[in-house]
Amino acid sequence: MQGYHIGGKQMKVHIKYYAKYVEYAGAKIEDLEVERMSISDLLEVLKDRHPRLKEEKMSIVALNGRFGNEKTLISDGDTISVFPPVSGG
Amino acid sequence: MQGYHIGGKQMKVHIKYYAKYVEYAGAKIEDLEVERMSISDLLEVLKDRHPRLKEEKMSIVALNGRFGNEKTLISDGDTISVFPPVSGG
Amino acid sequence: MIGSIQTDPIEVEDPFRDRGHDIGAVVTFLGVVRDKESSKELKHLFYEADETLASEEMNKVLDEAIKKYSLIDAIAIHRIGIINPGEISLFVAVCSMHRKESFEACSFIVDSIKERLPIWKKDHFIDGSESWH
Amino acid sequence: MIGSIQTDPIEVEDPFRDRGHDIGAVVTFLGVVRDKESSKELKHLFYEADETLASEEMNKVLDEAIKKYSLIDAIAIHRIGIINPGEISLFVAVCSMHRKESFEACSFIVDSIKERLPIWKKDHFIDGSESWH
């Protein structure tokens with residue numbers, strides 16, 4: 001993986017919350033500066049910041065408006081959408 | 001079964017045919033005079049009269065406008081409806 | 001509950017619009033006359049019925065379905081007589097609190113109507129030939 | 001094929017009226033907002049969605065269903081925003097040559113929409129309380 005730097009460099013990311021997660025996080029959008037990490041590691045960071053997010057499985061995330069894989073590493077400027085379990089219909 | 005006479009007495013019955021059975025029998029209604037017998041025996045009489053009726057199972061019959069049991073004995077004046085296999089829908 | 005056998009065209013609309021508010025799911029089925037049968041071009045179908053018995057049996061089917069699947073309501077209309085390709089021969093609609101019951105019940109009603117009602121159809125083909133089912 | 005996420009009310013009508021004549025079966029599903037949830041009186045539901053992703057995923061579901069069940073066509077409309085009891089939140093309609101495929105496909109689409117689309121609903125009760133699902 002060329003161009004991949006361990007540690008040090010900080011990434012600015014935008015977290016979008018939906019439905020009850022807006023209430024859990026206290027905001028619809030949260031801008032964070034974090035080290036480069038996978039989306040699943042980022043979710044752990046979010047759970048530490050907003051403990052009510054621990055209450056349930058966040059099974060679906062989106063990266064820059066597309067369904068994302070939690071193993072993907074975040075990049076500077078990414079928007080990560082954090083979806084509660086769905087309940088449409 | 002009081003009042004039940006074996007042989008002798010002739011019953012006038014009206015046979016109603018439906019759908020392709022009208023073509024097989026050559027008529028919508030056929031009046032017959034037969035001995036007292038069960039509906040299933042009557043069906044055998046009809047098959048002898050109109051051999052094309054033998055081509056398939058006549059599974060549903062009606063007696064005087066109600067769904068009937070083939071074991072029922074016919075009575076004078078009965079109307080027996082002879083239904084081809086159904087094909088609605 | 002309505003079960004009807006009619007020669008008039010079947011008009012499709014939301015059948016339970018005004019039935020109160022415990023309805024969570026509505027499933028409807030339309031049986032439509034296709035323009036081919038056994039790969040021959042169809043002019044129209046002709047449906048014959050023992051109307052009295054067919055109507056009674058249809059209402060029996062609906063009653064059974066309502067009990068078996070705890071439906072809130074159920075409707076079925078079978079058209080008879082001449083029906084052209086593209087026109088509706090059978091309309092079934094059911095409603096229930098939850099969707100699973102409605103799907104199962106609607107399928108059950110359609111199957112039962114096709115198996116139990118004294119109704120027969122005759123193909124009238126473009127080429128002039130005819131054939132009973 | 002149409003998959004849509006909209007705030008406008010859903011109008012119910014026969015959706016495949018003019019689609020040619022190989023259609024033999026049409027199955028439709030309506031999801032309706034009930035007036036109670038967990039035995040509490042509901043004022044209305046509020047549906048929130050990631051509209052872009054929900055719409056994409058809905059079209060993916062329809063496309064999968066058309067292939068899996070050899071459908072002739074499929075339509076799905078999910079309403080979002082405020083929806084009152086008795087109003088329709090979800091409309092799905094499919095058509096195929098034979099009825100079995102239409103029933104199975106319609107049920108598959110409804111299940112998939114409820115499992116896969118990023119849409120969430122919030123109960124607003126008569127007593128003023130609220131609760132996300």
Side-chain angles (χ1 to χ4, degrees), chain A residues 12-32 38-40 42-47 49-75 77-89, chain D residues 3-7 10 29-34 37-38 42 45-61 76-83 87-92 106-124 129-133:
Chain A
K12 280 191 189 153
V13 292
H14 315 284
I15 316 295
K16 279 179 79 173
Y17 294 103
Y18 290 81
K20 63 179 153 191
Y21 285 2
V22 176
E23 296 168 10
Y24 291 3
K28 281 193 168 186
I29 295 182
E30 180 175 48
D31 294 329
L32 293 179
S38 68
I39 290 176
S40 67
L42 179 65
L43 293 179
E44 294 308 313
V45 170
L46 300 178
K47 286 178 188 173
R49 293 177 57 81
H50 312 295
R52 290 192 69 191
L53 289 175
K54 292 178 186 168
E55 287 172 17
E56 42 194 312
K57 197 172 178 312
M58 289 179 282
S59 51
I60 312 181
V61 291
L63 178 61
N64 300 325
R66 320 289 311 174
F67 281 114
N69 184 322
E70 293 192 11
K71 289 177 186 159
T72 308
L73 294 175
I74 55 172
S75 300
D78 275 355
T79 296
I80 292 100
S81 304
V82 182
F83 295 158
V86 303
S87 63
Chain D
S4 125
I5 311 289
Q6 66 180 42
T7 51
I10 295 173
F29 171 84
L30 303 179
V32 181
V33 173
R34 288 197 305 273
E37 180 62 47
S38 315
L42 206 61
L45 288 184
F46 175 75
Y47 283 83
E48 182 183 331
D50 181 319
E51 290 186 48
T52 310
L53 272 180
S55 175
E56 280 181 26
E57 191 67 9
M58 182 182 260
N59 281 285
K60 223 185 278 178
V61 166
I77 304 172
H78 201 308
R79 189 177 169 195
I80 57 174
I82 291 175
I83 313 186
E87 292 185 333
I88 298 163
S89 56
L90 175 61
F91 173 68
V92 176
C106 191
S107 179
F108 166 84
I109 292 169
V110 175
D111 286 349
S112 301
I113 284 173
K114 286 171 181 267
E115 284 160 18
R116 290 167 46 180
L117 268 58
I119 299 183
W120 305 273
K121 62 178 172 220
K122 189 178 198 173
D123 298 326
H124 289 254
S129 61
E130 301 173 358
S131 132
W132 282 105
H133 279 266

Nearest heavy-atom neighbours spanning A:Phe83 and D:Pro118: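 Looking at all heavy atoms of both residues, the closest pair is CE1-CB, 3.8 Å.
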Between D:Trp120 and A:Pro84, which heavy-atom pair has the shortest distance, and what is it?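 Closest approach of D:Trp120 to A:Pro84: NE1-O, 2.8 Å.
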Most heavy-atom pairs under 4.5 angstrom with chain A, which of D:Asp50, D:Val92, D:Leu90, D:Val33?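 Heavy-atom pair counts peak at D:Asp50.
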Most contacts with chain A, counted as non-hydrogen pairs under 4.5 angstrom, among D:Lys122, D:Arg116, D:Lys121: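 Heavy-atom pair counts peak at D:Lys121.
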If you apply the rule salt bridge (Lys or Arg N to Asp or Glu O under 4.0 Å), what do you find for D:Glu48 with A:Lys28, and how did you get there? CA-CA 12 Å; D:Glu48 182 183 331; A:Lys28 281 193 168 186; 5.7 Å; no
Closer than 3.5 angstrom, by distance alone: can the side chain of D:Tyr47 be matched with the main-chain N or O of A:Gly89 as a donor-acceptor pair?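 Answer holds: yes.
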Does any heavy atom of chain A fall under 4.5 Å from the side chain of [X], the backbone, both, or neither of them?
X: D:Leu117; answer: backbone
X: D:Glu56; answer: side chain
X: D:His78; answer: side chain
X: D:Ser89; answer: side chain

From CA spacing to verdict: ring pair (Phe, Tyr, Trp, His ring centres under 6.0 Å), A:Tyr21, D:Trp132: CA-CA 10 Å; A:Tyr21 285 2; D:Trp132 282 105; 9.9 Å; no
OH-CD1 distance between A:Tyr18 and D:Ile119, expressed to the nearest 0.5 angstrom: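 Spacing of OH (A:Tyr18) from CD1 (D:Ile119) equals 12.0 Å.
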